[in-house]
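Here's the structure we're looking at; comments come further down.
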Amino acid sequence: MKRGVLSVVIACIGFYFMYKINLSGYYSFLGIKENSEIAPTTQVLGKLYKITTLCIGLLSLYLGIISTMKKYKIGILGIVFSIVLIILACIPFSKYLQKNSTINPNLHAKKVAILTKMIKETHNL
């Protein structure tokens, strides 16, 4: 029974870890003001976090399988949670958050175009 409960707890920790990673990816997108590219370190850390989440899911799956083999019902819940965690770790939710964001990535270019147009108009007066 101990391993089944541990499997569920580790899967819940994995869900929280995945939530924080996707939220940090969203905030890094919001932090881009002048550059149109994401820093390479952000991309590398995202992959590292994804691998870590997959490892947490696999550990939870392993403990759930051991608990199920010992005839504990809580192991099935741990297996289900870990499979959902592994599937969700492969989906980049931060990209969906970026699409729904009200911030336009071409906002800086539009501001520059408007300012140059205003300067030209005032210069012609």
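Residue numbers start at 1 and run along the sequence shown. Just so it is clear, the values below take in all heavy atoms, side chains as well, and ignore hydrogens, waters and symmetry mates.
Contact of the I79 side chain with the S67 side chain is not registered, since no non-hydrogen atoms from C-beta on lie closer than 4.5 Å. By the 4.5 Å heavy-atom criterion applied to side chains, L88 and F15 are counted as neighbours.
Judged as a side-chain hydrogen bond (donor to acceptor under 3.5 Å, both in side chains), and not counting sequence neighbours, S82 has no contacts. Residues passing the side-chain contact (heavy atoms from CB on, under 4.5 Å) test with C12 are V8, F81, sequence neighbours excluded. For F17, the ring pair (Phe, Tyr, Trp, His ring centres under 6.0 Å) test picks out Y49, with sequence neighbours left out.
I66 and L58 are not part of a single hydrophobic cluster, where members link through side-chain heavy atoms under 4.5 Å apart. Hydrophobic clustering, with ILVMFWY side chains joined whenever heavy atoms are under 4.5 angstrom apart, keeps I91 apart from I86. Cluster membership for Y62 and I56, using ILVMFWY side-chain heavy atoms within less than 4.5 angstrom, is shared. Cluster membership for L63 and I83, using ILVMFWY side-chain heavy atoms within less than 4.5 angstrom, is not shared. The cluster map of Ile, Leu, Val, Met, Phe, Trp and Tyr, joined by side-chain heavy atoms under 4.5 Å apart, puts L61 and Y72 in different clusters.
Of all non-hydrogen atoms in S7 and G78, the two that sit nearest each other are OG-CA, 3.3 Å. What you find for T53 and L85 is that their closest heavy atoms are CG2-CD1, 3.8 Å.
Between the side chain of T52 and the main chain of L48, a donor-acceptor pair closer than 3.5 Å is present.
Annotation: the span from M18 atom CE to L54 atom CG amounts to 10.5 Å, rounded to 0.5 Å. Within the model, atoms OG1 of T68 and CD1 of I74 stand 10.0 Å from one another, a figure rounded to the nearest 0.5 Å. L59 CG to L6 CG: the interatomic distance, rounded to the nearest 0.5 Å, is 7.0 Å.
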